[in-house]
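Okay, structure first, notes after.
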Amino acid sequence: MKQIINDLIAQALLELAQAAQIPSELSINIQVTPARDPGQGDFASNIALMLAKPTGLAPRALAEMIVAKMPVLDTINKIEVAGPGFINFFVDSGTSHAIVQHVLEQGDDFGRSTLGQGGKIQVEFVSANPTGPLHVGHGRGAAYGATLANLLSYVGFEVQKEYYVNDAGRQMHILGTSVWLRYLDLCGESIDFPSNGYQGDYVWDIAATLHRENAERFHKDAAEIYADVCEDAPAGDKEKHIDDLIDNAQRLLGEDEYRFVFDLALNTLVKVIRVDLHAFGVDFDRWFSERSLSDEGLIEQAIKRLQDNGHVYEQDGALWFRSTDFGDEKDRVVCRDNGQTTYFASDIAYHMNKFERGFAKVINIWGADHHGYIPRVKASLSALGYDADNLEIQLVQFANLFEKGEKISMSTRSGEFVTLKQLREDVGQDAARFFYVMRKAEQHMDFDLDLAREQSNDNPVYYLQYAHARICSVRRQCEDKGLEVDINNASLTRLDNAHEQALVKHLGLFSERVESAALRHEPHQVVNYLRELANQFHSWYNAHQFIVDDVELRNARLALASAIGQVLGNGLKLMGVSAPEKM
RNA sequence: GCGCUCGUAGCUCAGAUGGAUAGAGUGUUGGCCUCCGAAGCCAAAGGUCGUGGGUUCGACUCCCGCCGAGCGCGCCA
């Protein structure tokens with residue numbers, strides 16, 4: 001309908017141009033928006049306001065001219081000029097009502113589109129270091145990423161969901177060494193656990209498994225372990241302290257044995273994370289190992305390609321990528337003076353690999369604390385010869401947790417955090433998923449745990465689910481009463497009160513809203529749409545009886561109700577939220 | 001100091017490419033179940049859109065200054 005109106009305006013403008021009443025070469029961007037008020041019809045365009053200046057005509061006069069040139073269509077009852085020069089379109093109710101039939105016919109596919117034309121798009125999200133279980137801070141990215149992937153898929157993209165596993169690097173070594181030290185404790189050694197080690201209970205669990213299955217295999221003497229180790233904080237340097245311990249662990253155990261402990265810790269936690277996410281309704285198509293990049297020589301390849309393109313120089317014994325040539329604020333080291341490549345070098349190789357895999361678009365969902373990292377990654381893509389615009393980095397702000405009115409400070413290192421699993425068990429899967437995507441990603445969000453726990457029945461998600469359950473209940477009532485119900489051939493023109501007309505109009509906006517939410521990466525748009533739909537439904541429900549003696553009217557109302565239920569279900573499914581038939 | 005994300009009702013938040021009278025939820029106050037599910041509906045109240053300028057027919061939206069919040073600014077990951 002919107003497109004039809006768009007065409008109408010375009011045609012009218014063309015005729016006006018041909019009649020030389022307006023200049024012919026105008027850059028026009030016709031805007032047709034859903035009207036906000038029934039008195040303003042169904043759709044409105046501000047075209048006359050926008051063209052007032054370039055044509056030198058008064059907005060209202062121009063609007064009248066445009067309207068006069070518009071062909072008469074039987075799908076549009078009335079076109080009028082209002083306000084400062086808006087053109088309002090009143091769509092024939094029979095035409096509007098067709099949407100109800102359309103929804104019922106399309107069913108679960110209503111709202112789908114081919115907008116993406118099968119374009120390959122990758123969404124990488126969560127990608128938390130496997131140094132501990134996921135906590136509530138990771139939940140937002142998980143829920144958001146999964147929903148965004150659903151949306152993109154729904155509008156016709158071929159979407160691949162990926163988790164980048166940081167299985168190389170210092171943090172993982174600290175974890176491996178933490179596990180080993182706990183293991184030594186279980187072996188009876190007296191261990192002064194490093195302040196910078198990972199202190200969560202899960203570290204003990206992994207150490208216990210290591211001890212149970214391997215007995216004394218990795219047992220070394222505490223005196224040797226602490227030989228030549230820098231003193232821990234507060235007297236010494238806690239960073240140096242842990243690094244020395246890692247060095248000793250590698251030396252005493254040897255490469256293979258050290259790797260065994262390291263991999264046990266890594267694999268255990270990756271599995272914990274995968275199971276947690278699955279329970280949260282979030283599944284990935286691929287878990288990409290950071291370590292595989294160096295194993296397969298991709299980091300070398302990436303650096304060589306940068307060198308070949310002339311974007312690398314040597315200084316102070318290190319290799320630098322001249323990212324300032326591409327807008328970064330300073331150049332970045334890719335290979336240290338000790339010969340080791342940096343984390344950034346891995347990331348360059350990783351992103352190169354993403355595009356080598358043929359993705360037309362790559363979306364990274366990052367915590368907002370990584371925003372300073374964006375320019376250098378984009379710079380590296382440009383330097384490698386890719387269009388950096390095909391990498392879209394979506395930042396997600398942290399959710400501040402509040403409990404008993406106080407902000408909870410969390411730290412993976414200290415083991416003090418609320419896990420995603422705990423949250424899910426507290427407030428329920430549906431509420432947790434819904435809560436996270438209710439708000440715009442860039443918006444700072446307060447997450448009141450007490451409220452989420454104690455008032456979970458007041459969570460907005462129930463408002464939507466309740467509407468769906470009510471609709472199902474009405475259908476059950478009809479069955480119980482043995483009433484004749486034929487929603488597929490209903491006389492939809494009987495839907496003539498204000499509530500019904502508003503609902504019909506709102507149903508017609510779903511597809512467009514889903515597309516907008518997908519392209520703009522804003523799942524909350526769907527949430528808001530559904531809340532409005534549920535609200536209109538509840539109002540209608542309270543104002544009118546559905547199960548009436550008039551069969552024709554009853555069928556019409558049940559058809560509309562069913563269509564609403566269908567759209568609610570489709571929308572909730574996109575967010576990973578269930579649409580219960582009973583509550 | 002520089003950069004990024006923000007600042008909208010008591011609180012939590014919506015307000016796409018600038019458009020008509022800035023909206024929900026929650027909280028407060030008052031109504032609605034002999035009637036399809038009251039986890040609902042209706043009504044009232046609540047605002048200098050952080051602030052000061054600018055751009056124009058029109059600014060919550062765009063530009064600049066300032067105030068305030070969070071986060072970044074390593075040969076860490």
Side-chain angles (χ1 to χ4, degrees), chain A residues 29 31 33 35-37 39-40 44-46 49-50 52-53 58-59 82-86 88 129 131 166 168-174 239 290 315-320 329-330 332-338 340-344 346-347 367-375 395-398 400 438-448 451 455-463 465-467 469-478 480-481 512-513 516-517 519-520 522 524-525 527-528 531-532 534-535 537-548 554 557-558 561 582-583:
Chain A
N29 171 25
Q31 296 178 21
T33 54
R36 35 175 289 177
D37 189 284
Q40 297 169 357
S45 179
N46 62 353
L49 291 160
M50 292 177 57
K53 188 159 193 184
F86 290 96
N88 292 336
N129 282 348
T131 52
N166 294 115
R170 183 163 172 266
Q171 295 306 321
M172 286 307 300
H173 285 289
I174 293 175
E239 303 290 348
E290 178 188 353
Q315 184 180 308
D316 302 329
L319 284 183
W320 295 71
E329 55 188 27
K330 57 172 289 192
R332 310 291 175 177
V333 171
V334 290
C335 187
R336 293 190 269 253
D337 55 10
N338 65 8
Q340 282 193 320
T341 54
T342 59
Y343 174 81
F344 179 45
S346 296
D347 240 4
D369 55 335
H370 285 79
H371 61 75
Y373 205 69
I374 297 173
L395 297 177
V396 176
Q397 284 288 348
F398 293 123
N400 290 318
M438 270 173 63
R439 308 275 154 75
K440 196 162 50 177
E442 302 91 334
Q443 182 65 255
H444 299 264
M445 183 175 110
D446 285 349
F447 199 131
D448 187 329
L451 197 71
Q455 302 194 0
S456 59
N457 279 357
D458 285 340
N459 192 297
V461 70
Y462 290 92
Y463 185 75
Q465 292 181 317
Y466 185 59
R470 254 185 166 176
I471 290 166
C472 294
S473 174
V474 170
R475 286 198 294 233
R476 280 196 300 273
Q477 295 278 341
C478 290
D480 292 348
K481 293 178 181 175
E512 189 189 332
R513 193 64 66 91
S516 167
L519 296 179
R520 296 167 53 82
E522 294 184 345
H524 75 280
Q525 285 192 28
V527 174
N528 292 334
R531 288 172 81 157
E532 176 63 22
N535 175 247
F537 168 76
H538 286 307
S539 294
W540 179 46
Y541 183 91
N542 274 273
H544 300 279
Q545 198 75 11
F546 296 3
I547 302 175
V548 292
R554 184 170 73 216
R557 285 184 172 163
L558 290 173
K582 289 182 187 176
M583 298 174 64

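Note that the coordinates shown come from a computational prediction; the quantities given were computed from them, not determined experimentally. Chain naming here is simple, since letters A, B, ... match the order of the sequence lines and numbering starts at 1 in each.
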[N] phosphate, OP1 or OP2: any side-chain N/O from [X] under 4.0 angstrom?
X	N	value
Arg470(A)	A38(B)	yes
Arg336(A)	A77(B)	yes
Gln477(A)	G37(B)	yes
Tyr343(A)	A77(B)	no
Thr342(A)	C76(B)	no
Lys440(A)	G15(B)	yes

What interatomic distance, in whole Å, is found between [atom1] of [M] and the corresponding atom of [N]?
N	M	atom1	answer
G50(B)	G7(B)	C1'	6 Å
C62(B)	G19(B)	P	10 Å
U12(B)	U34(B)	C1'	40 Å
G53(B)	G70(B)	C1'	27 Å
G23(B)	C33(B)	C1'	30 Å
C60(B)	A20(B)	C1'	15 Å
C32(B)	G46(B)	P	24 Å
A59(B)	U17(B)	P	15 Å

What's the [atom1]-[atom2] distance between [X] and [N], to the nearest Å?
X	N	atom1	atom2	value
His371(A)	C4(B)	NE2	C1'	4 Å
Gln525(A)	C13(B)	CD	C1'	15 Å
Trp540(A)	C36(B)	CH2	P	16 Å

### Under-3.5 Å donor-acceptor pair between Asn542(A) side chain and G40(B) base
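Yes, the side chain and the base share a sub-3.5 Å donor-acceptor pair.
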
### Query
Looking only at N and O atoms, is any donor in the side chain of Asn88(A) or the base of A20(B) less than 3.5 Å from an acceptor on the other one?
yes

### Query
Which stems, defined as runs of 3 or more consecutive Watson-Crick or G-U wobble pairs with both pairing distances under 3.5 Å, involve RNA chain B?
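RNA chain B forms these stems: B:1-7 with B:67-73, B:10-13 with B:23-26, B:28-32 with B:40-44, B:50-54 with B:62-66.
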
### Query
Which sits closer to the 5' end of RNA chain B, His370(A) or Ser473(A), going by the nucleotide each is nearest to?
Ser473(A)

### Query
Closest nucleotide of RNA chain B for Phe86(A) versus for Gln545(A): which of these residues is on the 5' side?
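Upstream on the strand: Phe86(A).
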
#### Entry: Side chain of Arg476(A) (C-beta onward), nearest among G37(B), A16(B), C4(B)
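Within the option list, the nearest is G37(B).
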
### Query
Can you name the side chain to side chain contact (heavy atoms under 4.5 Å, CB included) partners of His370(A), sequence neighbours left out?
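Trp366(A).
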
#### Entry: side chain to side chain contact (heavy atoms under 4.5 Å, CB included) partners for Arg439(A), two or more places apart
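Here the qualifying residues are Arg140(A), Met445(A).
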
### Task
Indicate syn or anti for C33(B), taking the glycosidic torsion and treating anything within 90° of 0 as syn.
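It is syn.
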
### Query
Side-chain donor-acceptor pair under 3.5 Å between Ser516(A) and Gln525(A), yes or no?
yes

